[in-house]
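Convention: sequence-line order gives letters A, B, ...; per-chain numbering from 1.
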Protein chains: 2
Amino acid sequence: MSVDLRIIKTKERLHESLIALLKEMPLEKIKISVLCQRAQINRGTFYLHYASVDALFADFFEQIIADLREAYLEPLRTKSPLKIKELDPKTVRIFHHIKKYESFYRIVFSKNVPLAYYYMLLEQITVNLQQNTNVSSYDERVQGYLVAYQANAIIGLALQWAERDFQETAEELSEILVQILRTKSE
Amino acid sequence: MSVDLRIIKTKERLHESLIALLKEMPLEKIKISVLCQRAQINRGTFYLHYASVDALFADFFEQIIADLREAYLEPLRTKSPLKIKELDPKTVRIFHHIKKYESFYRIVFSKNVPLAYYYMLLEQITVNLQQNTNVSSYDERVQGYLVAYQANAIIGLALQWAERDFQETAEELSEILVQILRTKSE
DNA sequence: ATTTTTATTAAACAGATGTTCAATAAGTGA
DNA sequence: TCACTTATTGAACATCTGTTTAATAAAAAT
C-alpha cells in the first residue's frame with residue numbers, strides 16, 4: 001500500500017533536475033519544459049504531480065522546514081520545559097538552520113518568488129514560539145498578535161542578514177537578537 | 001519635456017483595466033492578453049511600458065506606498081522632532097493606512113504574489129522608523145538589524161490582521177502594538 | 001501649419017503552457 | 001508466474017507569452 005515506485009523515481013528525477021538547473025539560473029527562469037527534458041520525464045507527467053515549478057520547489061522547502069522543526073525540538077529535549085524569559089535566544093536554532101540551507105534561503109527571500117514560502121517559514125517559527133510560550137496574562141487574540149510580532153521580527157533579522165549577503169555567522173546573529181531583546185526600550 | 005500624452009493615456013487605460021479585472025479574479029489569473037483587450041491597447045504596447053502584470057501592479061502599489069510616506073510625515077509636522085521612547089505607537093499611522101487600502105493589501109499579502117511587494121512595504125516602514133530613531137548607542141550594523149526587527153514585526157501584526165480578515169479596527173491594532181511594546185519581557 | 005519625432009498598431013513568429021487522449025509500459029498483488 | 005492496476009508516454013490542441021517588423025497615427029517642436 002506504499003507509494004508506487006514509478007512515482008518515487010519520477011519525483012526524484014524532477015528533484016535532481018531542479019537542483020541542477022538552480023545552479024545555472026534563478027528559479028523564475030526555469031521552464032517546465034526544460035526541467036522535464038533534463039529529467040527525462042514527459043511534460044504531461046510533471047503535471048500529474050505538480051502544478052508549477054514553484055510547487056516543486058515548495059516540495060523541497062517542505063523538507064527543509066521539517067529540518068527546522070526537528071532542530072528546534074533538540075534543545076527542548078536537553079533543557080526541559082524551559083524556564084523562560086519567554087524567548088530564549090540560545091534555544092533559537094533558526095539562524096543556524098538558515099545558514100545551513102543558505103542557498104535555499106537566498107531563493108526563498110528573493111523578490112520574484114511567491115510569498116507562499118515566506119508563509120511556510122513563518123508558520124513553523126510561529127509554532128516553535130508557541131511551544132515555548134507559557135500561558136500568559138493576555139487573551140488569546142493578543143497572544144496571537146504577539147507571536148506574529150515576534151515570529152516576523154525574527155524573519156526580519158534573517159532578511160537583513162540575507163541583504164548583507166550572510167556576512168555574519170549564525171552565532172553573531174543570535175548575539176544580535178540577544179542585544180535587541182535586552183534593549184527593552186523599543 | 002514632460003511625458004507624452006499618449007503614454008499617459010495608455011497607462012491610464014491599463015490601470016483602469018487592471019482595477020476592473022481585480023474585481024473579477026485574483027491577480028495571478030489576470031492574463032496580459034485579456035488586460036489589453038479590455039484596455040483597448042495593443043499587446044505589444046503593453047510591453048513597451050511594463051514587463052508583466054506584476055510590474056503594472058507594482059506601479060499602483062508605488063502610489064500607495066507614497067501615501068504611507070506622507071501619512072507618516074503628518075504627525076511629525078505637528079509634534080515636532082518627537083521625544084521618543086523611540087517607537088511611539090501614536091505616530092504609527094501604518095494601520096490606518098493599511099485599512100484604507102485594505103483591498104490592495106489583501107493582494108499584497110496573498111500567497112501567490114511575488115515577495116517584491118513585501119519588500120516595497122518593508123522598505124518604506126524601515127525609512128519611517130529610521131527617521132524616528134535618534135542616534136543610539138548601537139553601532140550602525142546592529143542599528144540596521146534593530147530596525148529590520150521592528151519593521152518586520154509591525155508587518156507581522158498586519159499579516160496576522162489580514163489572516164483574521166481585518167476584523168479589528170486600526171485603533172485596536174495600534175492598541176495591541178502598545179500592549180506588546182509595554183511587555184518588556186519578550 | 002508643417003516638419004519632426006515618437007508612440008501605437010497589426011501581423012507574424014517561435015516557444016511555453018496547460019489539458020486531453022488512447023496506447024504502452026512498469027509496478028503491484030495473488 | 002500471470003493477471004490486474006496504474007503511472008507514464010507521445011501526440012495533438014488552443015491559448016498565452018515575449019519579441020520583432022514596417023506602416024500609421026498622434027503628439028511635440030519649430
Of all the choices, [options], which nucleotide is nearest to the side chain of [X] once you look at every atom?
X: B/Arg6; options: C/dT28, C/dT6, C/dG18; result: C/dT6
X: A/Arg43; options: C/dT28, D/dG18, D/dA12; result: D/dA12
X: B/Tyr47; options: D/dG18, C/dT28, C/dT8; result: D/dG18

query = If you look at every strand shown and take non-hydrogen atoms under 4.0 Å, does A/Leu48 touch a base, only sugar-phosphate, or nothing?
reply = base
inquiry  = Does A/Gln37 reach a base, just sugar-phosphate, or nothing at all? Heavy atoms under 4.0 Å.
reply    =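 Nothing: the residue A/Gln37, judged by heavy atoms under 4.0 Å, touches no strand.
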A/Tyr101 and A/Phe104 aromatic ring geometry - parallel, tilted or perpendicular at 30°/60° bounds =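 Ring orientation of A/Phe104 relative to A/Tyr101: perpendicular.
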request  = Using five base pairs at each end, measure the axis-to-axis angle across the helix from C/dA1-D/dT30 to C/dA12-D/dT19 and round it to 10 degrees.
outcome  = 20°
key: Upstream residue (5' side of DNA chain D) when B/Leu5 and B/Ala51 are each assigned their closest nucleotide   =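 Here B/Ala51 is the residue nearer the 5' end.
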[N], OP1 or OP2 - any side-chain N/O from [X] closer than 4.0 Å?
X: A/Thr45; N: D/dT9; answer: yes
X: B/Lys9; N: C/dA7; answer: no
X: B/Asn42; N: C/dT8; answer: no
X: A/His49; N: D/dA7; answer: no
X: B/Ser33; N: D/dT15; answer: no
X: A/Lys31; N: D/dT17; answer: no
X: A/Thr10; N: D/dT8; answer: yes

Can you check the [X] [atom1] to [N] [atom2] distance for me, whole Å?
X: B/Met25; N: D/dC16; atom1: CE; atom2: C1'; result: 14 Å
X: A/Glu28; N: C/dA16; atom1: CD; atom2: C1'; result: 16 Å
X: B/Ile8; N: D/dA26; atom1: CD1; atom2: P; result: 17 Å
X: A/Gln40; N: C/dA25; atom1: CD; atom2: P; result: 17 Å
X: A/Lys11; N: D/dA7; atom1: NZ; atom2: C1'; result: 12 Å
X: B/Asp4; N: D/dA25; atom1: CG; atom2: C1'; result: 12 Å
X: B/Ile41; N: C/dT8; atom1: CD1; atom2: P; result: 7 Å
X: A/Arg13; N: C/dA26; atom1: CZ; atom2: C1'; result: 12 Å

query = Does B/Glu163 CD have over 12 foreign heavy atoms under 6.0 Å away?
reply = no
task = For A/Gln40, look at atom CD and say whether over 12 heavy atoms of other residues, nucleotides or ligands are found less than 6.0 Å away.
result =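 Not more than 12 within 6.0 Å, no.
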Heavy-atom closest contact (B/Ser17 atom, B/Arg38 atom, distance) =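 Smallest heavy-atom distance, with atoms named: OG-CB, 3.3 Å.
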message = Do the side chains of A/Lys9 and A/Asp4 get close enough for a salt bridge, i.e. N-O under 4.0 angstrom?
response = no
task = For this output row, return yes or no: ring centroids of A/Tyr50 and A/Phe46 closer than 6.0 angstrom.
result = yes
key: B/Phe57 ring center near B/Tyr117 ring center (under 6.0 Å)   = yes
query = Any side-chain heavy atom of B/Tyr149 sitting closer than 4.5 Å to one from B/Leu129?
reply = no
